[in-house]
Amino acid sequence: MTTLTIEIPDKVEKTLADLVEQLGGKVINSNSKARLSRKEKEFLKGFDEAVEFVNLHQQGKVKAKTIDQLLIMHDI
């Protein structure tokens, strides 16, 4: 058996995976986000953006607010 790595649009993933399995092949999905719900994907996107912001702040490219500034903004 041969291993083939391809990149396809998300919208055809299931159709192509079904076809490969019908032909006797095995589908190994390297996209771990494919099985996540919409809310989980949104959470991961926001988390990735937050990590990127922290990295930029550590590099001195952006200025982050202090905890006091955040608390004042939200009247806490």
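Only this structure's heavy atoms are used, side chains among them; waters, hydrogens and symmetry mates stay out. Not measured: the values here are computed from a predicted model.
The side chain to side chain donor-acceptor pair (under 3.5 Å) search around E52 returns none, not counting sequence neighbours. Listed by chain and residue number, V54, N55 satisfy the side chain to side chain contact (heavy atoms under 4.5 Å, CB included) test with Q58 (two or more places apart in sequence, or in another chain). Residues forming a side chain to side chain contact (heavy atoms under 4.5 Å, CB included) with E42 (at least two apart in sequence, or on another chain): R38. For I8, the side chain to side chain contact (heavy atoms under 4.5 Å, CB included) partners two or more places apart in sequence, or in a different chain, are I6, V12, E13, L16.
Atom CD of Q69 and atom OG1 of T66 lie 3.5 Å apart (nearest 0.5 Å).
Sorted by first and then second residue, the salt bridge (charged side-chain N to carboxylate O under 4.0 Å, His left out) pairs involving residues 14-27 (not counting sequence neighbours) are K14-D18. Pairs passing the salt bridge (charged side-chain N to carboxylate O under 4.0 Å, His left out) check and including a residue from residues 61-76, sequence neighbours excluded, do not occur.
Under the 4.5 Å side-chain contact rule for hydrophobic residues, I67 and I72 do not share a cluster.
Counting side-chain heavy-atom gaps under 4.5 Å among Ile, Leu, Val, Met, Phe, Trp and Tyr, the cluster of V62 also holds F53, L56.
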